[in-house]
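Input: a single structure, listed below in structure tokens.
We use all heavy atoms of the structure for the numbers below, so side chains are in, but hydrogens, waters and symmetry mates are not. Keep in mind the model is a prediction, meaning the values are calculated, not measured. Within every chain, numbering begins at 1; the chains are lettered A, B, ... in the order of the sequence lines, protein sequences first and strands thereafter.
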Amino acid sequence: MSMTSAFDVRTVANRYAAQLLLCCRQNPIHIKYSMARTVHAHMIASGFRPRGHILNRLIDVYCKSSNLNYARKLFDKIPELDIVARTTLVAAYSAAGNLKLAREVFSGTPLSMRDTVCYNAMITGYSHNNDGHAAVKLFGDMRRDNFRPDDFTFTSVLSAMALVADDEKQCQQMHCAVVKSGTGFVTSVLNALVSVYVKCALSPLVSPSSLMSAARRLFDDMSERDELSWTTIITGYVRINDLDAARKFLDGMTEKLGVAWNAMISGYVHHGFFHEALQMFRKMHLMGVQEDEFTYTSVISACANGGLFKLGKEMHAYILRKEAEPTPDFSLSVNNALITLYYRCGKVDEAREIFNKMPVRDIVSRNAILSGYVNAGRIEEARFFFKEIPDRSLLTWTVMISGLAQNGFGEEAMKFFNQMRLEGLEPCDYAFAGAITSCAVLGALEHGCQLHTQLICLGHDSSLSAGNALITMYARCGVVEAANCVFLTMPYVDSVSWNAMIAALAQHGQGVQAIELFEEMLKEGIQPDRITFLTVLSACSHAGLVKEGSHYFDSMCGSYGTTPGEDHYARMIDLLCRAGKFSEAKDLIESMPFEPGAPIWEALLAGCRIHGNMDLGIQAAERLFELMPQHDGTYILLSNMYAKEGRWLDVAKVRKLMRDRGIKKEPGCSWIEVENKVNVFLVDDSMHPEVQAVYKYLEQLGLEMRKLGYVPDTKFVLHDMESEHKEYALSTHSEKLAVVFGLMKLPLGATIRVFKNLRICGDCHNAFRFMSKVVKREIIVRDGKRFHHFRNGECSCGNYW
DNA sequence: GTAGGGTTAG
């Protein structure tokens with residue numbers, strides 16, 4: 001082999017260096033990566049060993065392409081890596097989020113080789129990966145080992161401290177160290193110090209204003225200030241919720257710094273002052289302050305959160321005009337905000353169109369689209385989209401879990417929650433809220449309680465969203481007291497919490513208490529929303545409070561400026577019909593500002609069923625058949641109306657109609673928890689030993705009841721015309737099997753909780769009322785969205801039946 | 001070879 005001259009080596013090295021430089025210029029990272037790999041392959045083929053800045057550049061590109069394993073294979077084994085290469089590796093590994101690798105390289109560097117810069121890189125690594133404590137500790141080690149911290153060190157360690165500092169003493173100690181080190185005049189160090197004070201101002205242990213004034217004094221004494229100095233003070237005021245001080249500070253600024261204005265605008269958005277945020281933007285525009293993607297994202301988010309869709313669209317048009325050729329960075333954040341704007345105003349397809357056109361997308365874009373599908377109830381698309389997301393974040397899972405739960409897919413939501421944990425993600429309070437909601441949907445009280453315990457253990461018990469989910473869960477599982485306990489012990493509540501608690505009382509027949517709670521809510525100055533009114537109207541309906549219901553319905557448009565929607569009208573019709581006030585119900589329907597739709601007729605039919613108002617009921621059913629001929633609920637309501645009057649031939653006609661029109665009687669399934677074991681009942685399982693046992697018990701019970709003289713007077717026993725077991729006292733719906741199973745297993749006085757995947761029908765309702773009296777147990781049945789509580793022959797429920 | 005902020009998803 002011929003000796004290569006020094007001259008040749010230099011030429012080759014220069015050529016490679018030039019090639020690498022070329023491929024690193026203005027290319028997306030994956031292109032840089034593949035170009036660098038090609039150059040590298042040439043080096044290997046020609047026997048050239050990269051060193052010095054060529055090696056560093058290669059390391060940089062490989063690491064940034066997040067192909068860490070490949071980078072490791074190439075570089076970790078090189079024994080003679082110099083301190084510069086090692087520092088590059090440390091910085092690159094930690095920038096890619098892999099602290100473990102960074103630490104390995106750092107620890108593998110002997111003390112004699114280390115310098116301040118490599119400590120700085122490691123401290124920054126910790127700081128970037130949110131490990132403030134480790135950064136501060138390494139800073140201590142560094143000083144112990146006699147390395148002199150410089151201005152870079154202080155800037156990094158202070159920004160790490162801003163993650164964890166929570167008392168004034170720590171701030172002052174660091175302040176002293178800065179002064180002693182002689183870096184106390186460096187702007188970046190002082191900025192970082194100010195932000196530590198600002199962070200401390202948020203700690204519950206201190207007085208925010210005193211820490212904030214310390215930060216402000218530091219700022220006032222600075223000899224040189226840059227953009228960041230101003231911005232830090234503004235965000236400080238914003239964070240301690242002193243928006244006026246922030247605004248005053250900004251107004252006093254002589255320089256026109258876009259970043260500072262951005263901080264102010266986002267502060268307003270954060271605290272819900274959307275109009276103020278937009279006003280700031282207008283002023284900024286008029287004064288000619290530089291706008292950028294941060295400005296636009298905040299402003300669009302103000303429109304999205306404030307429901308100002310028209311303005312939002314105008315902003316969209318304005319941005320398109322202004323930024324003819326946006327950079328990928330610009331369009332990423334702005335488009336993400338736009339996606340949110342569009343799906344929030346119900347235009348998921350427009351949002352998706354923006355997503356499709358985006359040059360670069362990230363996890364935020366994907367999560368936003370996923371939320372769009374979920375919020376629109378387009379679960380099938382959400383499932384598909386979720387599957388295609390490669391880099392699922394905690395939020396991705398959370399959106400999916402709560403989306404499934406809210407759309408009634410409780411079991412699937414639970415599966416996702418468990419899967420997420422299996423993949424090593426620790427659920428946040430929102431994820432818990434989703435899982436708890438799925439327990440509410442399933443009526444899984446035991447599981448819900450377990451989640452409640454875990455929530456407390458993980459310190460999420462003061463969470464608003466989890467608390468709201470717990471109220472609903474306990475209420476849906478029949479434990480109103482627990483719901484109330486959660487409501488009373490929550491540190492912060494919002495209108496959702498109030499709504500949930502009012503609904504909890506209403507669902508359990510405590511209509512009067514529900515109204516009282518509503519009045520209390522008004523006294524506390526909480527603005528009722530459309531959901532509140534829906535809940536209050538159904539509370540009135542269940543408690544038979546016609547006068548109060550009408551009053552609240554009227555006050556909705558009057559005092560609270562909300563327009564009643566079709567659902568509100570439907571509740572009013574329900575209220576009036578339950579009270580037998582059919583002519584008033586008819587008047588109300590005629591006075592409606594829109595054509596009555598299905599919910600209105602359904603409420604009317606249900607009311608007619610209760611009072612046996614056949615003519616009107618049949619009219620309502622006819623309208624429903626026109627509007628939605630395939631909806632099984634209408635047929636069930638109608639047949640129950642006939643059944644109640646003993647018109648069995650008409651019942652049979654309705655059943656025939658159902659068969660003729662191909663409306664399937666869905667296979668019902670019920671389940672009951674006894675001694676922590678879940679027992680599932682399907683009507684089709686008649687040969688199952690457990691079901692056989694139930695039949696046997698049922699037979700005995702039937703005999704007993706006949707002996708007591710109950711059976712001959714009860715029409716419901718014969719109602720299920722298709723049952724093979726009609727000779728028994730109770731016909732064989734799955735929920736009845738479950739209840740009877742409960743009677744067999746649970747002692748007198750116990751509460752039997754049954755959950756059903758379909759609506760329970762009229763004869764079951766009668767049967768349970770009757771059973772709760774005869775067998776002296778409380779029976780709680782949950783079906784779909786409704787709740788039935790049977791006690792001593794009475795039923796309180798949020799239900800038409 | 002190393003540093004500091006303002007934004008977007010529930």
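A close approach under 4.0 Å does occur between a side-chain nitrogen or oxygen of A/Ser301 and OP1 or OP2 of B/dT8. At least one side-chain nitrogen or oxygen of A/His128 sits closer than 4.0 Å to the OP1 or OP2 atom of B/dG4. Distances shown here put a side-chain N or O of A/Ser266 below 4.0 Å from the OP1 or OP2 atom of B/dT7. Between A/Arg344 and B/dT8 there is no side-chain N or O to OP1 or OP2 distance below 4.0 Å.
Taking every side-chain heavy atom of A/Ala368 into account, B/dA9 is the closest of B/dA9, B/dG4, B/dT8. Closest to the A/Val364 side chain, of the nucleotides B/dT8, B/dG4, B/dG1, is B/dT8. Minimum atom distance to the side chain of A/Ser371 is reached by B/dA9, of the listed B/dA9, B/dT8, B/dG6. The side chain of A/Thr124 has B/dT2 as its nearest neighbour among B/dG6, B/dT2, B/dT7. The A/Val117 side chain lies nearest to B/dT2 when the options are B/dT7, B/dT2, B/dG6. Each of B/dT8, B/dG10, B/dG6 was ranked by its minimum atom distance to the side chain of A/Leu395; first place goes to B/dG10. Relative to the side chain of A/Asn191, the nucleotides B/dG10, B/dG4, B/dG6 differ in distance, and B/dG4 lies closest. With B/dG4, B/dG6, B/dT2 as the choices, the nucleotide that has an atom nearest any side-chain atom of A/Thr155 turns out to be B/dG4. Distances were taken from every side-chain heavy atom of A/Ser298 (C-beta onward) to each of B/dG10, B/dA9, B/dT7; the shortest belongs to B/dT7. Closest to the A/Asn262 side chain, of the nucleotides B/dT2, B/dG6, B/dA9, is B/dG6.
Residue contacts for A/Val399: at a heavy-atom cut-off of 4.0 Å it reaches the sugar-phosphate backbone alone, with no base atom in range. A/Asp362 comes within 4.0 angstrom of no nucleic acid atom, judged by non-hydrogen atoms across all strands. Residue-level contact check: A/Arg225 touches neither bases nor backbone, having no heavy atom under 4.0 Å from any strand. Nucleic acid contact class of A/Thr88 (heavy atoms, under 4.0 Å, all strands): sugar-phosphate only. As judged by a 4.0 angstrom heavy-atom cut-off over every strand, A/Ser333 is placed among the base-contacting residues. The residue A/Thr232 sits apart from the nucleic acid: no heavy atom pair falls under 4.0 Å. Counting any heavy atom pair closer than 4.0 Å across all strands shown, A/Ile83 reaches a base atom.
No side-chain heavy atom of A/Glu353 sits less than 4.5 Å from a side-chain heavy atom of A/Tyr342.
Ionic pairing of A/Asp131 and A/Arg103 is not present here: no N-O contact between side-chain nitrogen and carboxylate oxygen is shorter than 4.0 angstrom. Looking at A/Arg366 and A/Asp362, no side-chain N of the basic residue comes within less than 4.0 Å of a carboxylate O on the acidic one, giving no salt bridge. Taking 4.0 Å as the cut-off between side-chain N and carboxylate O, A/Asp141 and A/Lys137 count as a salt-bridged pair. Salt-bridge check for A/Lys283 with A/Asp251: passed, with a basic side-chain N closer than 4.0 Å to an acidic carboxylate O.
The distance between atom CD1 of A/Ile319 and atom P of B/dT8, rounded to the nearest whole Å, is 14 Å. Summarising the geometry, the separation between CH2 on A/Trp230 and P on B/dG6 is reported as 18 Å, rounded to the nearest angstrom. The CG atom of A/Asn335 sits 14 Å away from the P atom of B/dA9 (whole-angstrom rounding). Remark: P of B/dA3 and CG of A/Leu158 are 15 Å apart, rounded to the nearest angstrom.
A stacking contact between A/Phe294 and B/dT7 is absent: the pair does not combine a ring-centre distance of less than 5.5 Å to the base's six-membered ring with planes differing by less than 30°.
Centroid-to-centroid, the aromatic rings of A/Phe386 and A/Tyr373 stay 6.0 Å apart or farther.
Under 3.5 Å, the side chain of A/Asp82 and the base of B/dG1 form no donor-acceptor pair of N or O atoms. Applying the 3.5 Å distance criterion, the base of B/dG6 shares a donor-acceptor pair with the side chain of A/Asp292. With hydrogens and angles left out, the side chain of A/Asp115 and the base of B/dG1 share a donor-acceptor pair within 3.5 Å.
Cation-pi contact between A/Arg86 and A/Phe106: absent, since separation from the ring centre below 6.0 Å together with deviation from the ring axis within 45° is not met.
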